[in-house]
Amino acid sequence: MSHQIPYRFEPDATAAVLAEKYGHLEDGSETGQRVTIAGRLMLRRVQGKLAFGTLQDGSGRIQLFAPSKVTPHFDDFTALSLGDWIGVSGEVMKTRRGELSVKVEEWTVLAETQRSFPDKFHGITDPDLRYRQRYVDLWVTPEARDKFVLRSNALSLMRRWLEDRDFIEVETPVFHPIPGGALARPFTTHHNALDSEFFLRIAPELYLKRLIVGGIERVFEIARVFRNEGISTRHNPEFTMLELYQAYADYGDMMELVEQLIEYLAIELTGSATITYDGRSLDLSAPWRRATLVELIAEHAGELVDLDTPVEELRTVCHRHDVPIKDSYGPGKLLLELYEKTVEPNLWDPIFVVDYPEEVSPLSRAHRDKPGYTERFEAIAAGRELCNAFSELYDPAEQRARFEDQVKAGEAGDEEAMAVDEDYLRALDYGLPPTGGLGIGVDRLVMLLADVQTIRDVVLFPTLKPEVFD
RNA sequence: GCCCCUGUAGCCAAGCGGUAAGGCAGUGGACUUUUAAUCCAAAGAUCGUGGGUUCGAAUCCCACCGGGGGUACCA
């Protein structure tokens, strides 16, 4: 059947609003209140001359009550397909069985579905279908929709929280002539008119610090970044990072900011600073424990090691704990590998792991009193990395030396090593004040707050192999 | 990249060497308070693709394609 589809429609109520306003009605009562709603027909129960439907809109579900004496074109109404969009006007009422309903006194088709909707009870279970046809998943899997609403709320709360602290939001380039700000393999692309190669950004870091140089003292970006790496439950090739930079601050200030922000988000989004993740309780209340990388290795692996430990001994310790290493690794990298394999997966309660070796932290400022270390930290919760932050390296000469070390690593075969960014060094020449910087993996944070185990449940359209239509 | 699992009608799903259950949706019919409505009827499947083994393959083997998980790599 083909219908005249209107160009616009004006609902004046939603399922949620009606439930809130009229939920308390007595069974079998009528209100005299006429409303107009719109949504998708999800269920239908026709009994001869009386029909019921379940309409779902963006807010929830409400029943439609359609007696043949009241509903125009009754036969057409009962012939609607599950999945059709309709607009309905009529009185708000409650049936004898106590179901809040809208009496169908007028109705209009707003879209006809050309494909049959998934099983009305089981929905979709095939993950491939859920990810590829998210437009269907969102209708038939209410939990899926809830996660994305939570994500949206998290972003919105984050923005407001930062703006309240005088951070301003900016947008910096996605096309980078030199990939930088992180250790990762980039995607490449080509601009025809400029006849130039570009890299899709792996981090906005170096541009945001240029803005600190430019006098924007508190700045943040919610940046889609792209890394040419494998896909897993924790990795999507394009993902979202919150990066922020605060002039005159150091990594200690960043720790306070992180624990306060995350605690705030947990309370606002879940009602409590103590959340449940993967069946376990996780208390995100500030303050969080602080411990150095070296302390944690002693605590979890029982090894007393440090940057002063002879390299051969560090290698032996790595072997003892089955940590795979390469010949090119210096003491700093060996310590980091040891930490990542023996400590990180065992950390559940939120913790700041502080003071990373300089060797593996090319953009962090040297520690004020520990030679060879930097003022850098990562926050870990539920065994996952939540953020990475540091007191920013301001010294152009030192930064150049770190870049050059990276270039050497690249020449030695490290495909993720950084290149020298001359313009960034020039910016540093003009003077970067003491600055605290922070990057939070937004997708992973949302996973934690939404209690989901795969990043695909918080990314609407996760990267998949392109579908072949034949 | 490697390892394991997986792919049966639009959706859910059984069958696991003997020639494709069942349910939902769709079609036709009955039914004025149902809510995964119910009842009756008919219909719908190159069992991911291509090879092979076998008298016989959805079932076993190989390759390929898609998906999931793990691992490696990785902010």
Side-chain angles (χ1 to χ4, degrees), chain A residues 27-28 41-55 61-71 74 78-84 93-101 103 113-133 136-137 139-141 181-186 202-203 205 225-237 239-241 243 324 326 336-337 340-341 344 356 360-361 363 376 378-380 384-389 414-416 438-444 453-454 456 462 464-470:
Chain A
D27 296 358
L41 186 67
M42 301 302 284
L43 298 170
R44 186 188 44 202
R45 301 171 287 282
V46 181
Q47 307 185 39
K49 296 196 168 99
L50 175 64
F52 298 89
T54 299
L55 189 78
R61 294 184 167 200
I62 184 141
Q63 176 163 273
L64 303 177
F65 179 84
S68 59
K69 281 185 184 164
V70 172
T71 301
F74 181 77
T78 62
L80 285 169
S81 294
L82 298 188
D84 282 347
M93 52 162 289
K94 214 166 209 183
T95 61
R96 285 179 216 160
R97 296 291 175 88
E99 186 74 23
L100 185 65
S101 308
K103 199 185 285 183
T113 178
Q114 308 290 323
R115 295 172 185 261
S116 54
F117 244 50
D119 188 286
K120 66 189 179 188
F121 184 62
H122 298 96
I124 313 181
T125 58
D126 184 346
D128 187 38
L129 272 179
R130 292 192 47 219
Y131 302 144
R132 287 194 197 276
Q133 300 185 37
V136 179
D137 183 42
W139 279 103
V140 303
T141 316
L183 302 168
R185 289 162 67 180
I202 56 176
E205 171 152 353
V225 299
F226 309 85
R227 298 190 182 176
N228 209 336
E229 293 161 358
I231 292 175
S232 77
T233 51
R234 272 160 241 111
H235 302 256
N236 196 60
F239 63 101
T240 304
M241 296 237 319
E243 283 205 5
K326 292 180 188 163
L336 181 66
E337 290 296 314
E340 283 184 351
K341 295 293 184 296
E344 196 171 285
Y356 281 64
V360 293
S361 312
L363 302 168
R376 171 182 169 197
E378 292 192 358
I380 310 292
R384 294 143 188 268
E385 199 181 298
L386 273 186
C387 73
N388 184 23
D414 183 350
E415 291 187 74
E416 286 151 1
L438 167 68
I440 296 181
V442 170
D443 311 83
R444 289 180 182 180
Q453 322 306 322
T454 169
R456 294 185 185 89
L464 298 172
K465 198 136 187 164
E467 192 171 3
V468 177
F469 291 92
D470 45 18

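Letters go in sequence order (proteins before strands), and every chain restarts at 1.
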Self-check item: salt bridge (Lys or Arg N to Asp or Glu O under 4.0 Å) involving A:Glu337 - partner list, sequence neighbours excluded
Solution: A:Lys333, A:Lys341

Quiz prompt | Rounded C1' spacing from B:C24 to B:G67 in Å | solution = 24 Å

Exercise. Would you check if the side chain of A:Thr113 reaches a backbone N or O of A:Arg115 as a donor-acceptor pair within less than 3.5 Å?
Key: yes

Scan nucleotides 63-71 of chain B against the protein and return all N/O pairs shorter than 3.5 Å with their distances rounded to 0.1 Å.
from  : atom 1 : to       : atom 2 : distance (Å)
B:G66 : OP1    : A:Lys465 : NZ     : 3.1
B:G66 : O3'    : A:Arg132 : NH2    : 3.0
B:G67 : OP1    : A:Arg132 : NH2    : 2.8
B:G67 : OP1    : A:Lys465 : N      : 3.1
B:G68 : OP1    : A:Arg456 : NE     : 3.1
B:G69 : OP2    : A:Arg456 : NH1    : 3.0

Quiz item: Base, sugar-phosphate, or nothing: which does A:Leu129 touch, judged by heavy atoms less than 4.0 Å apart?
Solution: sugar-phosphate

Quiz item: In the structure shown, which nucleotide is the Watson-Crick or G-U wobble counterpart of B:G1, with both distances under 3.5 Å?
Solution: B:U71

Quiz prompt | Results of side-chain hydrogen bond (donor to acceptor under 3.5 Å, both in side chains) for A:Arg456 - residues two or more places apart only | solution = none

Quiz prompt | Watson-Crick/G-U partner (both atom distances under 3.5 Å) of B:A21 | solution = none

Practice problem: For nucleotides B:A57 and B:C40, find the distance between their P atoms and express it as a whole number of Å. | Solution: 37 Å

Quiz item: For every nucleotide of nucleotides 2-7 of chain B, 5' to 3': is a protein heavy atom under 4.0 Å from its base (B), only from its sugar-phosphate (S), or from neither (-)?
Solution: ------

Practice problem: Using atom CD of A:Glu344 as one end and atom P of B:C74 as the other, report the distance to the nearest whole Å. | Solution: 13 Å

Quiz item: Considering only side-chain heavy atoms of A:Pro118, which listed nucleotide, B:U33, B:C73, B:C11, is closest?
Solution: B:C11

Return the polar atom pairs (N/O with N/O) between nucleotides 36-39 of chain B and the protein under 3.5 Å, or none.
from  : atom 1 : to       : atom 2 : distance (Å)
B:A37 : OP1    : A:Lys120 : NZ     : 2.5
B:A37 : OP2    : A:Arg45  : NH1    : 3.1
B:A37 : N6     : A:Val46  : O      : 2.7

Quiz prompt | Separation between OH of A:Tyr131 and CG of A:Asp137, rounded to the nearest 0.5 Å | solution = 8.5 Å

Quiz item: Got a sec, which residues hit side-chain hydrogen bond (donor to acceptor under 3.5 Å, both in side chains) with A:Arg44, two or more places apart in sequence or on another chain?
Solution: none

Self-check item: Below 4.0 Å: OP1/OP2 of B:C12 and any side-chain N or O of A:Thr125
Solution: yes

Quiz item: Any salt bridge between A:Glu415 and A:Arg185, counting N to O under 4.0 Å?
Solution: yes

Exercise. For B:G1 and B:G44, measure between their P atoms and round to the nearest Å.
Key: 42 Å

Self-check item: Of the listed nucleotides B:U32, B:G26, B:C11, the one nearest the side chain of A:Leu82
Solution: B:G26

Exercise. Look at all strands and tell whether A:Gly28 reaches a base, only sugar-phosphate, or nothing, counting heavy atoms closer than 4.0 Å.
Key: nothing

Self-check item: Same-atom distance (P) from B:U19 to B:A41, integer angstrom
Solution: 25 Å

Self-check item: B:U59 versus B:C74 - spacing of their C1' atoms, nearest Å
Solution: 40 Å

Quiz item: Between B:A25 atom P and A:Ile124 atom CD1, what is the distance in whole Å?
Solution: 16 Å

Exercise. Kindly write out the residues that satisfy salt bridge (Lys or Arg N to Asp or Glu O under 4.0 Å) with A:Arg376, not counting sequence neighbours, or none if the list is empty.
Key: A:Glu378

Quiz prompt | Position toward the 5' end of RNA chain B (nearest nucleotide), A:Glu340 or A:Ser81 | solution = A:Ser81

Practice problem: Using the P atom on both, measure B:G10 against B:U46 and round to a whole Å. | Solution: 8 Å

Practice problem: Quick one: label A:Ala184 by what it contacts on the DNA or RNA (base, sugar-phosphate, nothing), any heavy atom closer than 4.0 Å. | Solution: sugar-phosphate

Quiz prompt | For A:Lys103, all residues meeting salt bridge (Lys or Arg N to Asp or Glu O under 4.0 Å), sequence neighbours excluded | solution = A:Glu30, A:Glu91

Quiz prompt | B:U33 versus B:A9 - spacing of their P atoms, nearest Å | solution = 38 Å

Quiz item: How would you list, by chain and number, every residue that makes a side chain to side chain contact (heavy atoms under 4.5 Å, CB included) with A:Thr125, sequence neighbours excluded?
Solution: none

Practice problem: Provide the Watson-Crick or G-U wobble partner of B:U54, both distances under 3.5 Å; none if there is no partner. | Solution: none

Self-check item: Mate of B:G66 where both pairing distances stay under 3.5 Å, Watson-Crick or G-U
Solution: B:U6

Practice problem: Would you kindly give the CZ-to-P distance between A:Arg96 and B:U35, to the nearest whole Å? | Solution: 14 Å

Atom pairs and distances, donor-acceptor, side-chain atoms in residues 116-123 of chain A, under 3.5 Å, two or more places apart:
from     : atom 1 : to       : atom 2 : distance (Å)
A:Asp119 : OD1    : A:Phe121 : N      : 2.9
A:Asp119 : OD1    : A:His122 : N      : 2.7
A:Asp119 : OD1    : A:His122 : ND1    : 3.1

Exercise. Nearest 0.5 Å please: distance from the CZ atom of A:Arg234 over to the CG atom of A:Asp443.
Key: 13.5 Å

Quiz prompt | Length of the CG-P vector between A:Asp137 and B:C12, whole Å | solution = 11 Å

Quiz prompt | Qualifying residues under side-chain hydrogen bond (donor to acceptor under 3.5 Å, both in side chains), relative to A:Thr71, sequence neighbours excluded | solution = none

Practice problem: For nucleotides B:G66 and B:G18, find the distance between their C1' atoms and express it as a whole number of Å. | Solution: 31 Å

Exercise. To the nearest Å, give me how far apart CZ (A:Arg115) and P (B:G10) are.
Key: 10 Å

Quiz item: In whole Å, what is the span from the CZ atom of A:Phe52 to the P atom of B:U33?
Solution: 7 Å

Quiz prompt | Which residues share a salt bridge (Lys or Arg N to Asp or Glu O under 4.0 Å) with A:Glu243, sequence neighbours left out | solution = none

Quiz item: What is the nucleic acid contact for A:Glu416, judged by heavy atoms within less than 4.0 Å: base, sugar-phosphate only, or nothing?
Solution: sugar-phosphate

Exercise. Output the single nucleotide from B:U33, B:C74, B:A25 whose closest atom is nearest the side chain of A:Ser116.
Key: B:A25

Self-check item: B:U32 pairs with, by Watson-Crick or G-U criteria that keep both distances under 3.5 Å
Solution: none

Practice problem: Measure the distance from CG on A:Asp27 to C1' on B:U35 and round it to the nearest whole Å. | Solution: 14 Å

Practice problem: Round to a whole Å and report the spacing from CG of A:Leu64 to P of B:U33. | Solution: 18 Å

Quiz item: Do A:Gln63 and A:Arg45 meet the criterion of a side-chain donor-acceptor pair at a distance under 3.5 Å?
Solution: yes

